[in-house]
Amino acid sequence: MPQTPLPPPLHDALVQILGPSGVLTNPADTEAFCVDWRALYHGRCAAVLRPANTAECAQAVALCHAHNVPMVPQGGNTSMVGGATPDSSGLAVVISTTRMNQIHSIDHADLTMTVDAGVTLKAAQDAASAQGLLLPLSISSEGSADIGGILATNAGGNNTVRYGNARELALGLEAVLPDGSVLDLMRKLRKDNTGYALRQLLVGSEGTLGLITQAVIQLQPAPRSRETALCAVENPQGALNLFAAFRKQDPSAIHAFEFMSGTSMALVNSLIDGASLPLEAPAPAYVLVELASPRADDSLRSLMEDILGSALEDGLVTDAVLAESESQRQSLWMIREEHAEAQKRAGASVKNDVSVPLAAIPEFIADATKACEALIPGIRVAPFGHIGDGNIHFNLVQPEGGDPAAFLAQDHAMMDTVAAIVRKLGGSFSAEHGVGQLKTYMMPSWRGGAELQTMRQIKAAIDPQNLMNPGKVLPPA
Ligand code: MLT
Ligand code: ZN
């Protein structure tokens with residue numbers, strides 16, 4: 001039996017539209033949709049709806065709207081901020097995009113892909129790559145995260161430094177609005193200056209304004225040469241100096257520039273099977289740098305060797321390894337991409353997905369580390385992230401052997417301590433993970449006044465009954 005049953009006429013009408021396998025009500029089937037990846041939120045729902053296409057989705061949303069049923073859009077369920085988890089009332093339905101999973105076309109003239117929301121990012125990347133193209137967005141959760149989710153949350157990731165966030169890749173979009181009407185913005189135009197950019201309003205709205213059902217994604221020519229290196233550096237300033245050295249030579253060659261602290265790297269090495277540091281000895285900090293070019297010559301190799309050669313001579317880099325094959329490249333990336341998983345295995349953690357101006361990063365990491373160590377003795381400060389974008393995942397892992405619940409009980413104290421330093425340095429409290437339900441409480445003090453008021457007016461205009469992903473992004477009025 002469902003925990004809070006849908007009204008029978010609504011249930012029957014939904015089954016009529018979506019088929020029996022499109023409406024899950026058995027708690028054994030719905031449970032996984034009610035818990036976030038980090039297991040911070042354990043919600044309940046009346047049902048999980050699984051439309052197979054836009055028409056089914058629109059009809060299901062119209063019905064829920066007519067019955068005043070809250071709706072929680074969900075893609076791959078990889079939110080770091082509880083953005084796709086229903087509350088504990090059990091009144092909402094989760095609308096899962098997983099069955100909307102067609103790649104419709106790849107256009108080689110415009111370099112675009114037309115794709116359903118439920119296609120995983122990895123599947124979309126692979127489809128582009130099979131045709132000699134690149135979908136230039138990469139995140140650690142790309143095997144599960146889907147196109148709808150990455151657009152709804154304006155995901156960033158490893159290639160933002162070169163190609164921008166998901167927002168920059170969304171040429172066209174289709175979404176079902178809270179009343180079930182379909183907003184068709186599936187144009188693939190580089191230039192279209194005709195009124196409010198509604199697709200950009202949907203991107204990053206975290207499912208609070210509508211449910212994204214399809215998109216036109218901007219692709220790029222696939223790189224035909226790549227060079228990837230893992231470097232040991234003394235500290236965050238060293239990582240930034242190295243970034244400046246690459247940027248000065250050829251900013252367009254930088255495909256990724258990732259920072260990893262020694263603490264964070266040690267967790268990966270000890271907790272992830274098959275991970276091992278391919279350097280002589282552990283270092284205080286590391287950089288993973290990848291250069292890429294559509295040219296097939298060996299100019300990237302010389303660029304990488306020249307810059308790293310000088311950096312090693314100057315002592316800016318203390319050790320480095322260059323990938324000599326695709327499998328070595330994958331191993332280097334595996335070390336980076338397993339950071340979130342390693343921290344999950346290390347116990348409870350508090351994520352501060354912050355950004356500050358590049359020059360302020362060393363001061364930020366130093367001050368925030370000091371403040372957090374003073375707040376919770378034994379805390380493991382394990383920052384890493386997209387340093388080329390000024391985005392540091394200033395993640396805090398519970399003291400070894402400590403009580404996870406006691407640690408998490410202090411999450412606001414830790415988040416507020418870090419946020420105060422971020423604010424002083426002119427940064428943002430959420431660089432790429434969004435607000436979800438975890439960080440709504442920060443909105444009034446960070447985005448208050450006219451900014452929050454305008455957001456509330458937009459929400460009220462599009463979703464006057466507050467049915468689409470209620471409780472996310474905007475704090476209660
Ligand atoms: C990543 O870049 O791996 C995720 O955004 C990070 C996180 O765990 O905070
Ligand atoms: Zn990240």
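Keep in mind the model is a prediction, meaning the values are calculated, not measured. Worth knowing before you read on, the calculation uses all heavy atoms, side chains too, and leaves out hydrogens, waters and symmetry mates. As the structure lists them, so they are numbered: ligands from 1, and atoms in each ligand from 1.
Looking at Arg329 and Glu290, a side-chain N of the basic residue comes within less than 4.0 Å of a carboxylate O on the acidic one, giving a salt bridge. A salt bridge links Arg336 and Glu258; the closest N-O separation between the charged side-chain nitrogens and carboxylate oxygens is under 4.0 Å. Salt-bridge formation is detected for the pair Arg301/Glu227: a Lys NZ or Arg NE/NH1/NH2 atom is positioned less than 4.0 Å from an Asp or Glu carboxylate oxygen.
Residues passing the salt bridge (charged side-chain N to carboxylate O under 4.0 Å, His left out) test with Asp389, sequence neighbours excluded: none.
A donor-acceptor pair shorter than 3.5 Å can be found between the side chains of Glu174 and Thr213. A donor-acceptor pair shorter than 3.5 Å can be found between the side chains of Ser89 and Asp87.
Shortest non-hydrogen contact noted between Gln220 and Pro136 is CG-CG, 3.8 Å.
For ligand 1, the 4.0 Å heavy-atom shell contains residues Met80, Ser140, Arg336, Ala340, Lys351, Phe384, His386, His393, Asn395, Glu432, His433.
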For this session: For ring pair (Phe, Tyr, Trp, His ring centres under 6.0 Å), just list the numbers for Phe384 and Tyr286, CA-CA rounded to whole Å, side-chain angles, deciding distance to a tenth of an Å, and then say yes or no.
Result: CA-CA 9 Å; Phe384 66 99; Tyr286 306 88; over 10 Å; no
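Shown are the protein N/O/S atoms under 2.8 Å from the Zn ion (ligand 2), given by residue and atom: His386 NE2, His393 NE2, Glu432 OE2.
Contacts classified as ring-ring contact (aromatic ring centres under 6.0 Å, His included) and involving residues 413-440 (residues at least two apart or in different chains) are given here: His393-His433, Phe429-Trp446.
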